[in-house]
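Down below is the structure, laid out as structure tokens.
One-based numbering, in listed order, for ligands and for the atoms of each. Remember, it's a predicted structure, so these values are computed and weren't measured experimentally. The first residue of the sequence shown is numbered 1, and numbering continues consecutively from there.
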Amino acid sequence: MTSDLFAEDHPLAGSTTRLGSQSVVLRGFALALMDELWPQLQQVVAQAPFRHMVTPGGQTMSVPLTNCGPLGWTSSRAGYRYRGDDPDTGLPWPAMPAVFMRLASEAAAEAGFAGFAPDACLINRYRPGSRLTLHQDKNERDFAQPIVSVSLGVSAEFLWGGLQRSDRTQRIPLFHGDVAVWGGVDRLRHHGIAPVRAMAHLLTGNERINFTFRKAG
Ligand code: MD6
Ligand code: FE
């Protein structure tokens with residue numbers, strides 16, 4: 001399997017879909033790095049397995065997650081927070097692979113956010129039926145820093161809303177290799193993922209993997 005195969009498969013690779021004045025989807029932006037990204041992801045997950053966290057309300061999250069980098073996003077009955085260790089093992093999160101850092105900073109720069117240096121990478125795994133309800137990413141300290149979100153595997157519909165939860169929501173398809181970046185005036189817009197359909201992907205089987213890079217601390 002090579003990246004070129006996927007590049008040919010991507011309906012929009014190389015184009016940009018504008019979401020808002022400071023938010024875009026860079027179509028296929030991660031494809032050129034896929035041969036490095038995928039094995040590095042496997043190494044991270046081997047060190048810090050995906051797990052279902054529990055929300056402050058006591059609900060088990062349907063999408064299992066893990067992290068790499070100095071800080072990791074966690075949820076517990078006590079609330080959402082970033083911490084430097086895996087709550088299940090007490091060990092530091094795996095280091096952020098260099099290729100992850102490079103992808104995040106190159107995508108951010110392409111979207112108009114030069115100098116982005118993430119300290120957290122939250123990794124989610126979606127299986128058929130998994131979804132993420134509309135929310136804002138607001139556990140980070142500095143909202144001047146963008147969010148960079150990479151999609152791998154089966155495609156999904158990104159729900160892209162406004163600053164108010166009740167604002168109208170657009171549905172934007174996200175394909176393998178797409179990188180969404182939102183910051184500036186769009187940083188606190190609501191977003192989510194519609195239930196993922198049962199489909200097969202050559203690299204991931206029936207899974208969608210998403211990583212979001214943040215400057216959290
Ligand atoms: C996505 N993920 O899966 C978007 N936000 O395409 C998120 O918006 C997200 O996965 C906060 C925490 C985990 C996430
Ligand atoms: Fe989010």
Sidechain-backbone polar pair: R165 side chain, L134 backbone, donor-acceptor under 3.5 Å: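 Here the side-chain-to-backbone pair exists.
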If we ignore hydrogens and angles and just use 3.5 Å, is the side chain of N210 paired with the main-chain N or O of V150 as donor and acceptor?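 Indeed, once roles are kept as given, a pair shorter than 3.5 Å links the two residues.
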Nearest protein heavy atom to [atom], by residue and atom, and its distance?
atom                    : answer
atom 7 (C) of ligand 1  : L132 CD2, 3.4 Å
atom 12 (C) of ligand 1 : L122 CD2, 3.3 Å
atom 5 (N) of ligand 1  : H135 NE2, 2.9 Å
atom 14 (C) of ligand 1 : N124 ND2, 3.1 Å
atom 6 (O) of ligand 1  : R208 NH2, 2.8 Å
atom 4 (C) of ligand 1  : N210 OD1, 3.8 Å
atom 3 (O) of ligand 1  : Y126 OH, 2.6 Å

Below 3.5 Å, can you tabulate the donor-acceptor pairs from side chains in residues 22-34 to any protein atom, sequence neighbours excluded?
| unit_1 | atom_1 | unit_2 | atom_2 | d |
| --- | --- | --- | --- | --- |
| Q22 | OE1 | V185 | N | 2.8 |
| S23 | OG | G20 | N | 2.9 |
| S23 | OG | D186 | OD2 | 2.8 |
| R27 | NE | T17 | OG1 | 2.9 |
| R27 | NH1 | P173 | O | 2.8 |
| R27 | NH1 | D178 | OD2 | 2.6 |
| R27 | NH2 | T17 | OG1 | 3.3 |
| R27 | NH2 | P173 | O | 3.2 |

Taking everything shown except Q136 itself, do over 12 heavy atoms lie less than 6.0 Å from its CD?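 Atom CD in Q136 is packed in, count exceeds 12.
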Residues H190 and H135: side-chain donor-acceptor under 3.5 angstrom: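 H135 and H190 do not have a side-chain donor-acceptor pair below 3.5 Å.
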Can you tell me if S62 and R131 form a side-chain donor-acceptor pair at under 3.5 Å?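 Note: S62 and R131 side chains miss the donor-acceptor criterion.
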Examine D137 against ligand 1 and note whether any of their N/O atoms are separated by less than 3.5 Å.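 Checking ligand 1 against D137, an N or O pair does fall under 3.5 Å apart.
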Using distance alone, decide if ligand 1 has a nitrogen or oxygen within less than 3.5 Å of any nitrogen or oxygen in H191.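 Checking ligand 1 against H191, an N or O pair does fall under 3.5 Å apart.
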Would you call the rings of W160 and F158 parallel, tilted or perpendicular, where under 30° means parallel and over 60° means perpendicular?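 Parallel, since the angle between the ring planes stays under 30°.
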Is it true that L19 and L174 fall in one hydrophobic cluster, defined by side-chain heavy atoms closer than 4.5 Å?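 Hydrophobic grouping puts L19 with L174.
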Nearest atoms (heavy-atom pairs only) where P195 meets G129: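 For P195 and G129, the tightest heavy-atom pair comes out as CB-O, 4.1 Å.
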Among N139, D137, T66, whose side chain to side chain donor-acceptor pair (under 3.5 Å) with W73 holds?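 Answer to the side chain to side chain donor-acceptor pair (under 3.5 Å) test with W73 among N139, D137, T66: N139.
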Find all atoms of ligand 1 within a distance of less than 4.0 Å from any non-hydrogen atom belonging to R214, and give their numbers and elements.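 Selected atoms, number and element: 5 (N), 9 (C), 11 (C), 12 (C).
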Ring-face cation contact, F50 with R125, 6.0 Å cut, 45° max: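 Yes, a cation-pi geometry.
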Close approach, K138 and ligand 1, non-hydrogen under 4.0 angstrom: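 False for this residue.
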Have a look around the Fe ion (ligand 2) and list protein N/O/S atoms under 2.8 Å, or say none.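 Under 2.8 Å from the Fe ion (ligand 2) - ignoring waters, which are not counted - the protein N, O or S atoms are H135 NE2, D137 OD1, H191 NE2.
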